[in-house]
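Encoded as structure tokens, the structure appears first; notes follow it.
Every value quoted in this text rests on a predicted model; they were computed, and no experiment measured them. In listed order, ligands and their atoms are each counted from 1.
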Amino acid sequence: MPLSREAIAEGLRRIVGADAVVTEHRVLVESSVDNFRKLQNIFDVHTLPVPAAVVLPRDTAQVAEILRFAGEHGVNVIPRTGATATEGGLESAVPDSVIVDGSAMDRILSVDAYNMQATVQCGVPLQALEDRARELGLTTGHSPQSKPVAHLGGLVATRSIGQFSTLYGGIEDMVVGVEAVFPGGRVARIKNVPRRAAGPDIRHVVIGNEGALCFITEVTVKLFPYFPENDVFLGWTLKDMKTGFEVLREVMVNGYKPSVARVYDPGDAGIHFSHFAESDDCVLLFMAEGAAGIAKATAEGIQAIVDGHPECRQVESRYIETWFNDLCWGPDKITAEDERIRQTRNVNRTTEIAADWSSINEIYQAARQRIIDEVPDITMMGGHSSHSYINGTNMYFNYFFNVVDVGPEEETTKYYLPIIAIICEETLKRGGSIVHHHGIGKARAPWVKEEYGSSYFVLEGLKRQFDPDGIMNKGTIFPI
Ligand SMILES: Cc1cc2nc3c(=O)[nH]c(=O)nc-3n(C[C@H](O)[C@H](O)[C@H](O)COP(=O)(O)OP(=O)(O)OC[C@H]3O[C@@H](n4cnc5c(N)ncnc54)[C@H](O)[C@@H]3O)c2cc1C
């Protein structure tokens, strides 16, 4: 017999105290969605099951008790920290779910400038850790656009990546150790060491689990020296993305490690660079950073490579620096964007994929053209590559459409999901990955079996092993 909503809330109050359990209807309704169905919050039309409660544990022991309680009563648990998810990972797929919000676990536990690592609770905003590191002349090297609002627990849970990834890597390259609570209340601590070869690296069961296997309570990440005085910004305009991808490839295969390496198509460039780029221009840009000799050698190497492509026209570096200084999205920009959508019903969405150098241009061209041809009411269809590797890169599709003839709650079915479907199809048929960094969530769960192919049983095995009763974030990663 399932517990009533009231009994669930009462059980949670016994664990964490009344002040740490929220049952206010408005909060619960707004917590039923994330940015995937953000129009439901913007226009206040809600269609998903209302969670039973939001609970804010203060320590690992309370998280363990909450998971034990949820397991005993078959209550669906939705882990949350910064609530910036974009793929439906925070959506309540079934009635009477409990949102376990780690944002009250917000202590920076140590910043160790000798061993170059910092340990934080899951609810520490990345910006807070970065600010602390900077006081010591250090940086986390992690700078997702959501840095002011995302927290370390969610950043690890989604395999996030930041703007300087080409130098520092994604979060998976930064996480040294973690603590996580699994269903049944079992606590696993994975210790902090520089490397290990003691069998499979089980950090990767936790990193990217999107709350579908465990609740991350503590994270240790690497720190790096911070040399902003050595930053070098370089930019060019050019007429086609194929050349842009080729320049990125040459930079990567020649072993250069700029922190930022990007190429924007004309649509996306028009949003950021119209003060110097023409309407049919792509924009290629780099940032080199680090110790003085490294930053200088990196910038010179990139300059020599781009000089080999005379169709690229160099622009003043101050344009790139100005763009760079306004990259992050805090609450002010997020609120302004929501208001713009409310006023105009013109919605901006993004979808990111990854593929090798041979396929990326074809995926970009094919998906972009199909979206323009097949999806109605598109007002801008563009994108950029922003994270490169020796063997390939990502494509971050950036698109706008007007919501016409349907209610805002139908925006996902009429526009967003059909666009995601096209991008996933065109990526999968060329061997790419349907998710580069936002996570699978619920939005891309329909394609997860195709994404994994013959290795899907390994992923399924993790779910069976760690969450046999299926209480962790139903519908996320694993389709219902
Ligand atoms: C404006 C904006 C810009 C963005 N820019 C970037 C970017 O540059 N790079 C990037 O990678 N992403 C970006 N994102 C996406 C988002 O910020 C990231 O996915 C981020 O990692 C989510 O962190 P969070 O703390 O907000 O997690 P939440 O939104 O709270 O949760 C995200 C997912 O992780 C799970 N989760 C949360 N906390 C825990 C926990 N403690 N244990 C287990 N599971 C947990 C949730 O169940 C959910 O599935 C952006 C989002 C926005 C809105």
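Atom CG of D268 and atom SG of C282 lie 10.5 Å apart (nearest 0.5 Å). Here the OG-OH distance, from S385 to Y364, works out to 11.5 Å after rounding to the nearest 0.5 Å.
In terms of heavy atoms, A83 sits closest to N35 at O-ND2, 4.4 Å. Considering all non-hydrogen atoms of both residues, T81 and G154 come closest at OG1-N, 3.0 Å.
An N or O contact shorter than 3.5 Å is missing between C122 and ligand 1 by distance. Checked against a 3.5 angstrom limit, the closest N/O atoms of A150 and ligand 1 fall outside it. Remark: ligand 1 and G82 share an N or O pair separated by less than 3.5 Å (distance only, no angle test).
Residue contact check: G154 has heavy atoms under 4.0 Å from atoms 21 (O), 23 (O), 24 (P), 25 (O), 27 (O), 37 (C), 38 (N) of ligand 1. Interface atoms of ligand 1 facing N35, defined by a heavy-atom separation under 4.0 Å, are 53 (C). Atoms of ligand 1 found under 4.0 Å from any heavy atom of T86, numbered from 1 in the order shown, are 51 (C). In summary, the atoms of ligand 1 found under 4.0 Å from a heavy atom of N473, numbered by their order in the structure, are 47 (O), 49 (O). For ligand 1 and A85, the ligand atoms under 4.0 Å from any heavy atom of the residue are 29 (O), 32 (C). In summary, the atoms of ligand 1 found under 4.0 Å from a heavy atom of S160, numbered by their order in the structure, are 11 (O), 21 (O). Of all atoms in ligand 1, numbered sequentially from 1 with element shown, those under 4.0 Å from a heavy atom of Q145 are 3 (C), 4 (C), 5 (N), 6 (C), 7 (C), 8 (O).
Scanning all protein heavy atoms for the shortest distance to atom 41 (N) of ligand 1 gives I216 O, 3.0 Å. The protein non-hydrogen atom at the shortest distance from atom 6 (C) of ligand 1 is S146 OG, 3.8 Å. In this structure, atom 22 (C) of ligand 1 lies nearest to the protein heavy atom T84 OG1, 3.3 Å. Among protein heavy atoms, the minimum distance from atom 12 (N) of ligand 1 is reached at H438 CD2, 3.5 Å. Closest to atom 21 (O) of ligand 1, if we only count protein heavy atoms, is T158 OG1, 2.7 Å. Of the protein's non-hydrogen atoms, the one nearest atom 1 (C) of ligand 1 is W329 CB, 3.7 Å. Scanning the protein for heavy atoms near atom 34 (O) of ligand 1, the closest one is A157 CB, 3.5 Å. For atom 9 (N) of ligand 1, the closest non-hydrogen atom on the protein side is I161 O, 2.8 Å.
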(message) Working note: V347 + V403, criterion side-chain contact (heavy atoms from CB on, under 4.5 Å); need CA distance, chi angles, decisive distance, verdict.
(response) CA-CA 7 Å; V347 183; V403 177; 3.7 Å; yes
(request) Starting from the C-alpha separation in whole Å, work towards a yes-or-no answer on side chain to side chain donor-acceptor pair (under 3.5 Å) for S160 and H142. (result) CA-CA 9 Å; S160 62; H142 201 36; 2.9 Å; yes
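Using a cut-off of 4.0 Å between Lys/Arg side-chain N and Asp/Glu carboxylate O, E337 and R340 are scored as salt-bridged. Under the 4.0 Å criterion applied to side-chain N and carboxylate O atoms, K463 and E460 are not assigned as salt-bridge partners.
In this structure, Y264 and W323 have perpendicular ring planes: the angle between them is above 60°, well past the 30° mark. In this pair, Y396 and H438 present their aromatic rings perpendicular. The plane angle is above 60°, beyond the 30 to 60° band. In this pair, H275 and Y319 present their aromatic rings perpendicular. The plane angle is above 60°, beyond the 30 to 60° band.
With R80 as reference, L90 is the one residue of D34, L56, L90, N473 to meet the side chain to side chain contact (heavy atoms under 4.5 Å, CB included) rule.
Heavy-atom neighbours of R132 CZ from other residues, nucleotides or ligands within 6.0 Å: at or below the threshold of 12.
Residue contacts with ligand 1, taken as heavy atom pairs separated by less than 4.0 Å, do not involve T217 at all. Proximity of L152 to ligand 1, defined as any heavy-atom pair under 4.0 Å, is not found for any part of the residue. Residue contacts with ligand 1, taken as heavy atom pairs separated by less than 4.0 Å, involve L155 via backbone and side-chain atoms alike. Residue contacts with ligand 1, taken as heavy atom pairs separated by less than 4.0 Å, involve F215 via backbone and side-chain atoms alike.
Evaluated by nearest non-hydrogen atom to atom 49 (O) of ligand 1, the leading choice among E210, Q121, Q163, K333 is E210. Closest heavy-atom approach to atom 46 (C) of ligand 1 within the set S103, G211, P79: this belongs to P79.
No hydrogens or angles considered: a donor-acceptor pair under 3.5 Å links the side chains of T139 and E130.
At least one heavy atom of A83 sits less than 4.0 Å from an atom of ligand 1. In this structure, C214 is part of the shell of residues with a heavy atom less than 4.0 angstrom from ligand 1.
Ring centroids of F324 and F164 are separated by less than 6.0 Å, placing the two rings close together.
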